[in-house]
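Note that the structure is a prediction, hence the values are computed from the model and not measured.
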Amino acid sequence: MESTLHHCEPLDSRQFLLAVKRLADSLSYGTDRSPFLGQGIEYVQSRRYEPGDPVKSIDWRVTARTGKAHVKQFETPKQMPVWLVVDTSASMALASHPPGKYGLALQVAGGIALACLDRVSPVGVLGAGGRDFVVQPSLSRDVLLQWLHALRTYRFDEPTTLGQRLVALEPSLAQRSMIIVLSDFHDPDALPAMKLVGARHDCLCLIFRDPAEDRLSGAGLFRGREVETGRELLTHGKRLLSTTDNLTDALKKASLDHFLIRPGTPFLGQLRHFLRARGGASRRNRQ
């Protein structure tokens, strides 16, 4: 039987790695800022002095300006695990603009992973398709490169299991983690699962949408077939829950931070800003 495995992009291994490293350099610093305050190595802010605070932590400049004693607070050095949930389902293979949704998602995943290792944050990977693909969080660069190259193949017949994988992952997380989902979010079970995960953990949604998909929203009635299941359907473009507008509206209502990436469109500068701003204390929806 002919194999359905396909390479995700025309780049050879060396070119692919260079592309990932360039992306990591652009995204470096800001993928995992600690939401907790305490003694550490990076200044965060100054606050009013409280009895028992060490004298050496007094912020003399702020104290002199305000006339009231203030102490400096620093970001606590910590190792927050980062889980990258990569959608490997068939719909991610759509590629009207090379390298397509899946190829681009894999590059972004690799770039974020390398940037996280620079911040000493262990990275784990979970595949959200038909194959069982789980790599526990690690600080090893070799482990990162192994799973990155292993995911460079995909299947045209792979189903989506995003919601199912997220629900299964959540109970296994022993500590607060950052969950970064890279998907086109065509799984109707994904949103409830992300709400569940987001209740305990930091959850970010990176949406990959091909420009060809947006044209369905105004297509009126049409007959189609789901890529992952093969099920035929008759629907209206405005009723598609997976259209970009409907998806982003649903994510906003669920208070889930999200960022839209379209192959063929520049996004690095905005993604870097999104990740850095996302490290702040407040949670806001961004697109």
Take Ile179 and Ser177 through the test side-chain contact (heavy atoms from CB on, under 4.5 Å) and record every step on the way to the result. CA-CA 6 Å; Ile179 315 296; Ser177 305; 4.2 Å; yes
Evaluate the criterion side-chain contact (heavy atoms from CB on, under 4.5 Å) for residue pair Val181 and Leu204; output intermediate values, then yes/no. CA-CA 6 Å; Val181 183; Leu204 306 183; over 6 Å; no
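Residues that satisfy the side chain to side chain contact (heavy atoms under 4.5 Å, CB included) test with Leu268, not counting sequence neighbours, are Leu23, Ser26, Leu27. Partners of Leu139 by side chain to side chain contact (heavy atoms under 4.5 Å, CB included), not counting sequence neighbours, listed by chain and number: Gln79, Leu117, Val120, Pro122. Residues passing the side chain to side chain contact (heavy atoms under 4.5 Å, CB included) test with Ala190 are Leu162, Phe185, Asp187, Met194, sequence neighbours excluded. Scored by the ring-ring contact (aromatic ring centres under 6.0 Å, His included) test, His97 finds no partners at all (sequence neighbours excluded). Taking Asp132 as the reference, Arg165 meet the salt bridge (charged side-chain N to carboxylate O under 4.0 Å, His left out) condition, with sequence neighbours excluded. Contacts of Arg47 classified as salt bridge (charged side-chain N to carboxylate O under 4.0 Å, His left out), with partners at least two apart in sequence or in another chain: Asp53.
Phe16 and Leu18 fall into different hydrophobic clusters, where Ile, Leu, Val, Met, Phe, Trp and Tyr are joined by side-chain heavy atoms under 4.5 Å apart, directly or via other members. Cluster annotation: Leu196 and Leu166 are assigned to distinct hydrophobic clusters (Ile/Leu/Val/Met/Phe/Trp/Tyr, side-chain heavy-atom contacts under 4.5 Å, transitive). The hydrophobic clustering, which links ILVMFWY residues whose side-chain heavy atoms are closer than 4.5 Å, places Leu17 and Leu114 together. Clustering ILVMFWY residues whenever any of their side-chain heavy atoms sit less than 4.5 angstrom apart, transitively, puts Leu256 in a cluster other than the one holding Val167.
Looking at Leu104 and Pro99, their side chains come closer than 4.5 Å, going by heavy atoms from C-beta outward. Looking only at side-chain heavy atoms (C-beta outward), Ile207 and Leu247 come within less than 4.5 Å of each other. Contact of the Gln107 side chain with the Arg22 side chain is not registered, since no non-hydrogen atoms from C-beta on lie closer than 4.5 Å. By the 4.5 Å heavy-atom criterion applied to side chains, Leu106 and Leu148 are counted as neighbours. Residues Pro263 and Pro98 have side chains not in contact (no heavy-atom distance under 4.5 Å, counting atoms from C-beta outward). A 4.5 Å side-chain heavy-atom check between Leu271 and Leu275 finds at least one atom pair inside the cut-off. Looking only at side-chain heavy atoms (C-beta outward), Cys203 and Asp257 stay at 4.5 Å or farther from each other. Using a 4.5 Å heavy-atom cutoff, the side chains of Leu126 and Phe133 are not in contact.
Heavy-atom contacts from other residues, nucleotides or ligands closer than 6.0 Å to CD of Glu170 number more than 12.
Within the structure, side-chain hydrogen bond (donor to acceptor under 3.5 Å, both in side chains) pairs that include any residue of residues 135-148 do not occur (at least two apart or interchain). Within the structure, the salt bridge (charged side-chain N to carboxylate O under 4.0 Å, His left out) test picks out the following pairs touching residues 94-108 (sequence neighbours left out): Lys101-Asp184, Lys101-Glu213. Residue pairs that meet the salt bridge (charged side-chain N to carboxylate O under 4.0 Å, His left out) test with at least one member in residues 54-71, sequence neighbours left out, do not exist here.
Judged by distance alone, with hydrogens and angles left aside, the side-chain atoms of Ser46 form no donor-acceptor pair with the main-chain N or O of His70 at under 3.5 Å.
Summarising the geometry, atom CG belonging to Leu173 is positioned 13.0 Å from atom CE belonging to Met178; distances are rounded to the nearest 0.5 Å. Atom CZ in Phe259 sits 13.0 Å away from atom SG in Cys205 (nearest 0.5 Å). To the nearest 0.5 Å, the span separating NZ on Lys252 from OG1 on Thr248 amounts to 5.5 Å. Separation of atoms CE (Met92) and CD (Glu158) is listed at 11.0 Å; rounding is to 0.5 Å.
Annotation for Ser121 and Met80: closest pair CB-O, 3.5 Å, computed over non-hydrogen atoms. Nearest heavy-atom pair, Ala109 versus Val86, reported as atom, atom and distance to 0.1 Å: CB-CG2, 4.2 Å. Nearest approach of Val82 to Cys116, heavy atoms of both residues: CG2-SG, 3.8 Å. Trp83 and Val125 make their closest contact through CZ3-O, 3.6 Å (heavy atoms, listed as atom of the first residue, atom of the second, distance).
With respect to Leu84, the side-chain contact (heavy atoms from CB on, under 4.5 Å) criterion is satisfied by exactly one of Ile180, Leu151, Leu144: Ile180. Residue Ser183 is tested with Asp87, Thr160, Thr88 for a side chain to side chain donor-acceptor pair (under 3.5 Å); the sole match is Asp87.
Remark: Arg262 fails to qualify as a cation-pi partner of Phe267 under the 6.0 Å distance and 45° angle criteria applied to the six-membered ring.
Other members of the cluster containing Tyr49 are Val55, Ile58, Trp60, Val71, with ILVMFWY side chains joined at under 4.5 Å, either directly or via other members.
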